[in-house]
Amino acid sequence: MWQQCRLCLTFILLLAVGAHAASPADPSKVVHTVFEAADDGFDMARTQNYYSGWVTDAIFETLLTYDYLARPAKLVPNVAETMPKLSDHGKTYTFHIRKGIHFTPDPAFHGKKRELTALDFAYSIKRLLDPANRSPSAGFVEDRIVGLDALAARAKKSGRFDYDAPVAGLQTPDRYTLVIRLNRPDPNFLYVLAYGGLAAVAREVIETYGAQSGQHPVGTGPYRLKQYVPRSKIVLEANPDYRGFIWHFKPSSDPYDAQIVKEMQGKKMPQIGRVEIAIIEEEQSRWLAFQEGKIDFDKLPQVAAPKVLDGDRLKPEFAAQGIRLARMIEPEITYTLFNFSDPVTGGYSREKIALRRAIAMAYSVQDEIALLRNGQASKAHMIVPAGVAGHDPGYRSSIAYEPELANRLLDHFGYRRGADGYRTLPDGKPLTLKIHGEPVTSSKIVAEIWKRGLDRIGIRAEFPVSNFADNLKAATECRLMMWGSAWHADFPDGENFLQLLYGPNAGRGNHGCYASPTFDALYRKAVALPPGATRNRLYAQMNRQMEADTAWSLHVSRVRNWLIRPWVQGFKKHPFLQSNWQYIDVARQ
């Protein structure tokens with residue numbers, strides 16, 4: 001990580017060029033894009049919604065961010081003046097905040113100009129452990145920062161989190177200096193600080209809007225919220241007071257980068273004055289909108305892949321339109337979780353493990369790849385996907401599509417078939433699964449694959465439908481028996497995925513309330529180690545423990561094919577940065 005220092009200094013100098021200038025964004029430059037599911041507000045202390053994060057990355061700012069083009073991903077300063085000074089054997093980080101950065105005006109500030117300070121970051125970090133927020137991101141800082149867990153424990157007893165109480169691990173010796181002291185060295189902590197859940201928010205705004213803070217995001221970033229119609233439309237406009245920066249990123253080894261650099265080098269950013277985001281959950285509707293020219297760039301809907309792609313290239317009729325294809329394997333996994341607190345799917349007895357195992361063995365991932373993904377995916381063998389530290393390309397899951405073996409397993413553990421051909425629980429009570437999904441074609445196809453496999457092993461299933469945001473809310477409360485979900489990397493280490501199964505994170509990313517003493521002990525041991533072979537072996541052991549308990553039915557990692565209209569310049573999807581509007585331009589004819 002520290003080999004990037006020369007790049008960091010270059011980046012800092014370039015940012016400083018426009019440090020106090022008004023945003024160079026052109027109001028006439030508008031980008032039209034689309035989300036395939038709804039957000040659930042823009043307070044990232046209270047959500048881990050992927051689409052919420054996409055928007056907040058453009059509104060709020062973190063201490064560090066990622067170089068736009070560098071692959072593998074590299075951290076660079078954002079509102080920090082430089083990369084932090086490390087001391088105390090890697091346990092203490094000292095940041096200096098850039099002066100003259102201001103929050104966008106808001107009634108919460110009573111007409112005063114509000115500067116970003118180190119105290120805002122300390123406050124934002126504390127919010128993740130405030131019990132009142134039930135933050136799904138609490139695990140990012142829990143047991144990491146000296147004294148912070150003790151403050152949270154007192155809040156649980158008293159019912160009030162004291163934000164003014166001193167915390168030894170969060171010091172602000174002056175207005176622009178933040179000192180963070182960790183309980184132990186943590187190789188992933190700098191990545192954590194680049195995650196949107198630790199972006200700076202203003203205490204006055206949170207206290208003014210309370211539970212409605214997710215509808216009133218007020219940040220220091222390149223954009224601000226202009227219009228918000230929940231589950232329908234989001235409009236961002238350039239923040240007129242944003243300091244701006246000069247586009248000057250060096251190409252990686254990817255040949256695609258040369259064109260991007262040619263288009264963008266030396267431009268004052270951001271260029272885009274307005275971002276209009278439509279929420280279109282149905283794939284066919286999104287594809288129609290793109291064909292009609294209503295969307296400037298989008299992930300190719302899987303339903304359209306056979307029509308648009310010839311292998312890994314665009315078919316001639318689409319290339320002739322000037323459309324560009326940017327193809328990448330997402331650092332993500334899809335899976336179906338089992339709720340361990342549910343009376344049917346939960347529990348750790350041998351017969352409950354056998355039931356979950358048999359269910360997972362009845363699901364055909366290859367059918368999903370063929371019927372739903374149209375070949376644009378690969379089977380996920382490991383919780384940690386390719387492109388993330390800890391992934392082992394030679395690892396193979398012990399759970400395969402084997403319905404006949406699943407039948408024998410169920411027979412052995414007393415799940416008997418009734419006269420109608422469907423099985424009961426060993427005590428004779430009815431056995432019916434509820435596999436939750438969304439009202440979109442992709443969920444219907446997954447439901448059909450599940451039903452076909454479950455019919456083969458004699459298990460009855462129902463498929464309740466609700467929108468994504470509502471399902472996510474229910475999942476955070478561990479109320480869904482089974483749910484198909486996905487996780488996209490927040491930072492490039494397997495810890496980010498394995499924390500989804502860590503027992504203390506139940507309800508905070510661990511949506512199945514899985515709690516295995518063996519898994520948890522391995523997790524604690526692994527995260528205390530530096531990156532390397534020893535930690536990776538522990539990650540693999542955690543994978544095996546998950547399979548032994550069958551906490552998830554692991555599905556695929558998707559290939560994302562981004563289609564970019566010819567007037568869009570500078571577009572390249574970053575594996576961890578979500579928002580990229582501040583890095584691109586449009587040049588319509």
[X] versus [Y]: any side-chain heavy-atom pair under 4.5 Å?
| X | Y | answer |
| --- | --- | --- |
| Ile125 | Ile180 | yes |
| Asp392 | Asn536 | no |
| Tyr539 | Asp493 | yes |
| Leu178 | Leu63 | yes |
| Ser135 | Arg46 | no |
| Asn496 | Val388 | no |
| Asp549 | Thr518 | no |
| Trp487 | Gln499 | yes |

Pairing donors with acceptors under 3.5 angstrom, does anything connect the side chains of [X] and [Y]?
| X | Y | value |
| --- | --- | --- |
| Asp40 | Ser52 | yes |
| Gln578 | Asp57 | no |
| Tyr163 | Asp130 | yes |
| Arg452 | Ser364 | no |
| Asp39 | Tyr228 | yes |

Heavy-atom donor-acceptor pair, [X] side chain to [Y] backbone, under 3.5 Å:
| X | Y | result |
| --- | --- | --- |
| Asn78 | Thr62 | yes |
| Asn471 | Gly437 | yes |
| Asn49 | Ala38 | yes |
| Glu283 | Gln302 | yes |
| Ser124 | Asp120 | yes |
| Arg356 | Ala551 | no |
| Asn407 | Arg456 | yes |

Worksheet item: Just how far is it from atom CG of Leu538 to atom CZ of Arg524, taken to the nearest 0.5 Å?
Response: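 Output value for this atom pair is 12.5 Å.
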Worksheet item: So how far is it from Arg357 CZ to Thr550 OG1, rounded to the nearest 0.5 Å?
Response: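 The OG1 atom of Thr550 is 5.0 Å from CZ of Arg357, to the nearest 0.5 Å.
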Do the side chains of [X] and [Y] get close enough for a salt bridge, i.e. N-O under 4.0 angstrom?
| X | Y | result |
| --- | --- | --- |
| Asp411 | Arg423 | yes |
| Glu330 | Arg373 | no |
| Asp420 | Arg460 | yes |
| Glu448 | Lys444 | no |
| Asp162 | Arg154 | no |
| Asp143 | Arg184 | yes |
| Arg144 | Asp186 | yes |
| Glu547 | Arg544 | yes |

Worksheet entry | Test of ring centre spacing under 6.0 Å for Tyr195 and Phe491 |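 Ring centres of Phe491 and Tyr195 not closer than 6.0 Å.
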Discussion item. Taking the ring of Tyr191 and the ring of Phe576, is the distance between their centroids below 6.0 Å?
Written reply: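 No: the rings miss the under 6.0 Å criterion.
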Item to complete: Begin from the C-alpha positions of Arg558 and Glu36 and carry the test salt bridge (charged side-chain N to carboxylate O under 4.0 Å, His left out) through to its verdict.
Response: CA-CA 15 Å; Arg558 290 169 286 192; Glu36 59 191 318; 5.2 Å; no
Worksheet item: Which pairs count as ring-ring contact (aromatic ring centres under 6.0 Å, His included) when at least one residue sits in residues 337-368, sequence neighbours excluded?
Response: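 Sorted pair list: Phe340-Tyr348, Phe340-Tyr514, Tyr363-Trp450, Tyr363-His555.
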Worksheet item: How far apart are the C-alpha atoms of Asp43 and Arg127, what are their side-chain angles, what is the distance that settles it, and do they pass the salt bridge (charged side-chain N to carboxylate O under 4.0 Å, His left out) test?
Response: CA-CA 11 Å; Asp43 184 346; Arg127 289 190 71 223; 2.8 Å; yes
Discussion item. Using salt bridge (charged side-chain N to carboxylate O under 4.0 Å, His left out), reason through Arg181 and Asp88 one step at a time and then give a plain yes or no.
Written reply: CA-CA 9 Å; Arg181 292 177 53 211; Asp88 191 23; 5.2 Å; no
What pairs of donor and acceptor atoms, side-chain ones from residues 424-432 against any protein atom, are under 3.5 angstrom apart with sequence neighbours left out?
residue, atom, partner, partner atom, Å
Asp427, OD1, Lys429, N, 3.0

Worksheet entry | Set of ring pair (Phe, Tyr, Trp, His ring centres under 6.0 Å) partners for His381, sequence neighbours left out |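 Ring pair (Phe, Tyr, Trp, His ring centres under 6.0 Å) list for His381, sorted by chain: empty.
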Worksheet item: Should the ring pair Tyr51 and Phe35 be called parallel, tilted or perpendicular, given that the plane angle runs from 0 to 90° and is split at 30 and 60?
Response: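 Because their plane-to-plane angle lies in the 30° to 60° range, the rings of Tyr51 and Phe35 count as tilted.
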Fill in: salt bridge (charged side-chain N to carboxylate O under 4.0 Å, His left out) between Arg408 and Glu404, intermediate numbers included
CA-CA 7 Å; Arg408 294 199 296 272; Glu404 296 309 316; 5.7 Å; no
